[in-house]
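Beneath this line is the structure, given in structure tokens, with notes to follow.
Along the sequence shown, the residues carry numbers beginning at 1.
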Amino acid sequence: MTRYQLYKELRRHLNLSERRNIAFEQNKAAKYFLWVGVAFTILYLMFLAVPLSLAANESRWICASELMYGISPLILTVDFFFRFIAQQTPTQLVKPYTLLPISKFACIDCFLVRSMLSSGNLIWFAMFIPYALMSVVFSEGLCATLGFLLGFYLLIVLNSQWYTLARSLINTHIAWWLLPLGVYALIYSPWYVGAGAGFDRLCETYAHLGRWLPGWNVLAFLALLCLIAVVFFVNRRLQYRLIWAELGKTETTQLRHASKFAFFNRFGECGEYMKLEARSIMRNKNLRKTFIFANVFVLLISLIVSFTDIYSGEYMTVFWCVYNFAIYGAMVLVKVMCYEGNYIECLMVRKENIISLLRAKYYFYSAMLLIPLLLMIPTLLTGKCTPLMLVSVMLFSAGLIHFLFLLMAIYNKQTMPLNSKFIGKGSMENNYLQIVVEMCVFIVPIILIKVLEALWGATVSYCVILAIGLGFILTHPVWIRYIYNRMQRRRYENLEGFRATRL
């Protein structure tokens, strides 16, 4: 079988595996919402092309190509972080082929090429093409326009390979976050280093690409292609080493002092499940890493909102306040029952076990909201937030938002590995229903607050969401039992899914 035949066969397998996925039906429904989101993204990018084009046409010191390439670091940075939502690493796709008599490098090559040729790499052209038609074609010519678009396509492809490399390393250890942070600190150095540092200096530095690539500079294109090839082959070797390291690993147990979490004893059976949640975070690598990321994001957002003027606008302050309180739910609670899928049979031994588990998770992550509340106290001193705003958003998160996340216990039926990262069968990155729920949680509260504020003012709007949050908090025994009853009606379907997606 040639490499091309293997590529076609693996592409067919991936299409079939998506249709045979345990969560295919719920993903199918959720995809409609995602396509609506993609459509709005495309419209937004097309709209964004208009002011950029007007700025380029009115500028007397920079041409249209140079302007767009001048802001290319911002575009590529946004592209890099948005890839975390859906793009998988090749090692997460190779496992079914590890025992077949085909070259593992050939499999990895096919998946890397697939990521380079993905249609997702073309989304940014919703902005590049209108911008080129409005500004580049008439001022620089058709040939320069083709060079302009080809140059950006190669940059996006390079970014996809850079993302794969960075994401794979980050999956091995949280300390690898220092690599992308260091790279972007270097890329943005003209903004803050040296005489005349600033955003204009950053644009001037990267505007040179706007002369070389649209001008079909051979050395510039060769440099880009060589850089793509280097990152590709580094990726190829790294993916191969990671998958075989995880397949061949041996578990080692280290004896250490284990906390008894005696504080939770006063809560009875619910307290035992709160102990289970705490111990799972401490002992299982994947859950621990997600929990650490959530705390880091809460800390960073709190510091940025409190001590900088980046998000000093009223709208952005409300947005990041809601986001900050929803992070724990969006990163951990939305995957409710996925980690428990590894031992779901044990939880179903007694009829009421899962009610206690859900109640314990609700109490645990509601209590965690005290962390962003305390970290955002400086915003009270700077006048960015009011006590009513912070308390109402916190209670709204503990009430309605956590209710929406716990609803996922009904539909989640893909087991997430507790420790293995690269060879899991049911990657949750393909659970589009979770993505839709997260999008609703981050968007709907902002719209609700702003609508109420426009109608009756800020004080009334925050009192309303405070009442909504308190309503859901006080009625949590009712809706937790409702979730449990819905889970019971789907228990055999969910059990089948959990078993099928275990390692």
Side-chain angles (χ1 to χ4, degrees), residues 174 177 181 261 263-264 267 274 277-278 281-282 288-334 360-406 438 441-453 456-474 476:
I174 191 173
W177 267 107
L181 292 177
F261 296 106
F263 170 79
F264 296 119
F267 301 108
M274 293 172 79
E277 189 69 22
I281 292 171
M282 293 175 63
R288 181 172 66 245
K289 187 181 295 183
T290 303
F291 188 75
I292 291 172
F293 280 152
N295 282 288
V296 170
F297 289 149
V298 166
L299 177 61
L300 288 176
I301 291 173
S302 300
L303 291 175
I304 291 173
V305 174
S306 300
F307 300 109
T308 70
D309 294 327
I310 298 176
Y311 302 119
S312 57
E314 184 180 354
Y315 172 81
M316 294 306 298
T317 301
V318 173
F319 174 81
W320 287 110
C321 184
V322 172
Y323 190 93
N324 214 16
F325 283 108
I327 281 179
Y328 289 112
M331 295 189 68
V332 185
L333 199 55
V334 74
K361 282 181 174 289
Y362 177 69
Y363 293 158
F364 185 88
Y365 288 103
S366 294
M368 291 300 299
L369 296 180
L370 293 173
I371 295 177
L373 178 66
L374 295 174
L375 289 174
M376 293 192 71
I377 286 178
T379 60
L380 301 177
L381 304 177
T382 57
K384 290 186 177 181
C385 297
T386 63
L388 177 62
M389 175 182 174
L390 286 183
V391 173
S392 61
V393 172
M394 184 188 74
L395 294 179
F396 186 81
S397 300
L400 178 58
I401 290 178
H402 282 185
F403 163 69
L404 294 175
F405 285 135
L406 281 171
E438 289 170 345
V441 163
F442 292 136
I443 294 173
V444 172
I446 306 298
I447 297 174
L448 177 62
I449 291 171
K450 287 301 175 184
V451 169
L452 292 173
E453 189 175 328
W456 295 296
T459 301
V460 174
S461 68
Y462 291 124
C463 287
V464 169
I465 67 168
L466 176 65
I468 293 172
L470 281 175
F472 276 91
I473 291 172
L474 295 175
H476 77 271

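- Side chains of I473 and H402 form no contact here, defined as non-hydrogen atoms less than 4.5 Å apart.
- Looking only at side-chain heavy atoms (C-beta outward), C321 and V305 stay at 4.5 Å or farther from each other.
- In this structure, L380 CG and M389 CE are separated by 10.0 Å, a value rounded to the nearest 0.5 Å.
- In this structure, A278 and F364 approach most closely via the heavy-atom pair CB-CE1, 4.4 Å.
- Here the closest heavy-atom approach between residue F442 and residue A330 is recorded as CZ-CB, 3.6 Å.
- Rounded to the nearest 0.5 Å, atoms CG (L390) and CG (L374) are 10.5 Å apart.
- A distance of 6.0 Å separates CZ in F293 from CH2 in W177, rounded to the nearest 0.5 Å.
- Within the 4.5 Å cutoff, the side chain of F405 has no heavy atoms near those of the V332 side chain.
- When all heavy atoms of S306 and T379 are compared, the closest pair comes out as OG-CG2, 3.2 Å.
- Contact annotation: the side chain of V322 never approaches that of F396 to less than 4.5 Å [non-hydrogen atoms, C-beta and beyond].
- Checked against P372 for a side chain to side chain contact (heavy atoms under 4.5 Å, CB included), the options N295, N324, I301, I327 give a single hit: N324.
- Rounding to the nearest 0.5 Å places OG1 of T382 at 12.0 Å from CD1 of I377.
- Taking a 6.0 Å sphere around CH2 of W456, one finds it holds 12 or fewer heavy atoms contributed by other residues, nucleotides or ligands.
- When every heavy atom of I401 is checked against every heavy atom of S397, the shortest pair comes out as CB-O, 3.5 Å.
- To the nearest 0.5 Å, atoms CG (L406) and NE2 (H476) are separated by 10.5 Å.
- Looking only at distances, a side-chain donor or acceptor of S461 sits under 3.5 Å from a matching main-chain atom of A458.
- Among all heavy-atom pairs drawn from I304 and K384, the shortest one is O-NZ, 4.4 Å.
- Nearest heavy atoms, L388 versus C463: CD2-SG, 4.2 Å.
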Please determine whether side-chain contact (heavy atoms from CB on, under 4.5 Å) holds for the pair L452 and V460, giving the CA-CA distance in whole Å, both sets of side-chain angles, and the decisive distance to 0.1 Å. CA-CA 7 Å; L452 292 173; V460 174; over 6 Å; no
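- The shortest side-chain heavy-atom distance between R288 and M282 does not fall under the 4.5 Å cut-off.
- The distance from the CD1 atom of I371 to the CE atom of M376 is 14.0 Å, given to the nearest 0.5 Å.
- Relative orientation of the F472 and F403 rings is tilted, given thresholds of 30° and 60° on the angle between their planes.
- Residues L299 and V296 form no side-chain contact, since every pair of their non-hydrogen atoms from C-beta on lies 4.5 Å or further apart.
- F325 has its side chain within reach of L373: a pair of non-hydrogen atoms, C-beta onward, lies under 4.5 Å apart.
- Using cut-offs of 30° and 60° for the angle between ring planes, the Y328 and F291 rings count as tilted.
- Put simply, the side chain of L448 reaches to within 4.5 Å of the side chain of I468, judged on heavy atoms.
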